Number of protein chains: 2
Amino acid sequence: MELDHFDRQLLNLVQEDASLTADQLSDSVALSVSAIQRRLKRLRASGVIMRETAMVDPKRIGGSTFYVVALQVERERPELLTQLRRWLTDEPHVQQAFYVTGEADFVLIVTAPDTETYDVLMTRMVSENANIRRFTTNVALGLVKRGSAIPVPVEVS
Amino acid sequence: MELDHFDRQLLNLVQEDASLTADQLSDSVALSVSAIQRRLKRLRASGVIMRETAMVDPKRIGGSTFYVVALQVERERPELLTQLRRWLTDEPHVQQAFYVTGEADFVLIVTAPDTETYDVLMTRMVSENANIRRFTTNVALGLVKRGSAIPVPVEVS
DNA sequence: ATTGAAACTTCGCAGTT
DNA sequence: AACTGCGAAGTTTCAAT
């Protein structure tokens, strides 16, 4: 599926604010309202837009803290790796999980309301996944920026 | 502002899917459609829901890669720190930035379409911020999970 | 791209706790 | 007093021309 200039513009906009109406978007996108609606619908249906999510303020819901976790696993057993992946995916406190190069195998972004909850969670992770060798935790003292937008180049053409 | 049982339920739901209509939400939340609307509106206005964003598939927009960057800065100059914070916030390729404990001072999640773009970006970061001491990069070979939801405990009663 | 129909949201009012 | 639920009015979206 090809994305043209307009699609790219729309993607950049809705990544910042998905609640913009087609009418509002038409202020920035030189396209009729219905054309915008059709494109958005297509982008959603085709999976370019995977989903739309609300971002809540962690301070307002009982002060959730973020933890950056670097995880090392035993590489020898691929079937355990698949299991770990599923565990990470299924665990709501794991917000993001990247499989990375370098010393660590995975980097996780974890949220928990307090250190104790975090501790219990990590203990459970280790006990439920036999292939975890070690992990190191960095507590986020501050959130400088939080987003999920990927800049989409808008061709100059 | 106090969040009751219903608010918490709503928050968990819209963090997964912000496009759910009040009508659809009323299937899970034992509240009338208008009551749900009112609460969502209030949650947005009061800043508990900070914003709603579309998440796009990186593979579909020219294969964006994720990079996990651990950043060390000179701690001696607070005014440069403020500047760095702003730089990170303003740079679209920086998706997330955490100020953390541990060896690194910041952990960044960066996206770029290719290594070269990433390289140029990091070079620019260093040249435009005098207090960067060093940084290490972990390339994300795989995205196991990607989300921004924070689990909101729903009181038992 | 325009139009009309359907769906969703907003707002006012009355009734409850 | 604050919040629910209902219904009418106003927007937004959808589909067909």
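From a predicted model like this one, the values you see are computed outputs, not experimental measurements. Chain letters run A, B, ... following the sequence lines, proteins first and then strands; every chain starts at 1.
Atom pair B:Leu31:CG and D:dC3:C1' shows a separation of 9 Å (rounding to whole Å applied). A:Leu25 places its CG atom 13 Å from the C1' atom of D:dT13, with the value rounded to the nearest Å. A straight line from CD of B:Gln37 to P of D:dG7 spans 16 Å, rounded to a whole angstrom. Per the geometry, CZ belonging to A:Arg38 stands 12 Å off P belonging to D:dC14, to the nearest Å. With rounding to whole Å, A:Gln24 atom CD is found 7 Å from D:dT12 atom P. In this entry the distance linking NZ of A:Lys41 with C1' of D:dA16 reads 12 Å, nearest Å.
Among the nucleotides D:dC3, D:dC6, D:dA15, the one closest to the side chain of B:Arg42 is D:dC3.
Here the side chains of A:Glu52 and B:Met55 are not in contact, with every heavy-atom distance at 4.5 Å or above. For the pair B:Arg51 and B:Arg44, the minimum side-chain heavy-atom distance is 4.5 Å or more. B:Ile36 places none of its side-chain heavy atoms less than 4.5 Å from the side chain of B:Val33. Counting heavy atoms from C-beta on, the side chains of A:Asp57 and B:Val48 never come closer than 4.5 Å.
Heavy-atom contacts of chain B under 4.0 Å fall on DNA chain C between two terminal nucleotides, which in 5' to 3' order are C:dC8 to C:dG12.
A:Val14 and A:Leu43 fall within the same hydrophobic cluster, where Ile, Leu, Val, Met, Phe, Trp and Tyr residues are linked whenever their side-chain heavy atoms come under 4.5 Å apart, directly or through other members.
More than 12 non-hydrogen atoms from other residues, nucleotides or ligands lie less than 6.0 angstrom from CD of B:Glu79. Sparse packing is recorded around CD of A:Glu116, with 12 or fewer heavy atoms of other residues, nucleotides or ligands lying under 6.0 Å away.
If you chain together ILVMFWY residues whose side-chain heavy atoms come under 4.5 Å of each other, B:Leu121 ends up grouped with A:Leu141, A:Val144, B:Tyr67, B:Val69, B:Leu71, B:Val73, B:Leu81, B:Leu84, B:Trp87, B:Leu88, B:Val94, B:Tyr99, B:Phe106, B:Leu108, B:Val110, B:Tyr118, B:Met122, B:Met125, B:Val126, B:Ile132, B:Phe135, B:Val139.
Contacts between residues 6-23 of chain B and DNA chain C, counted as heavy-atom distances below 4.0 Å, involve B:Thr21, B:Ala22.
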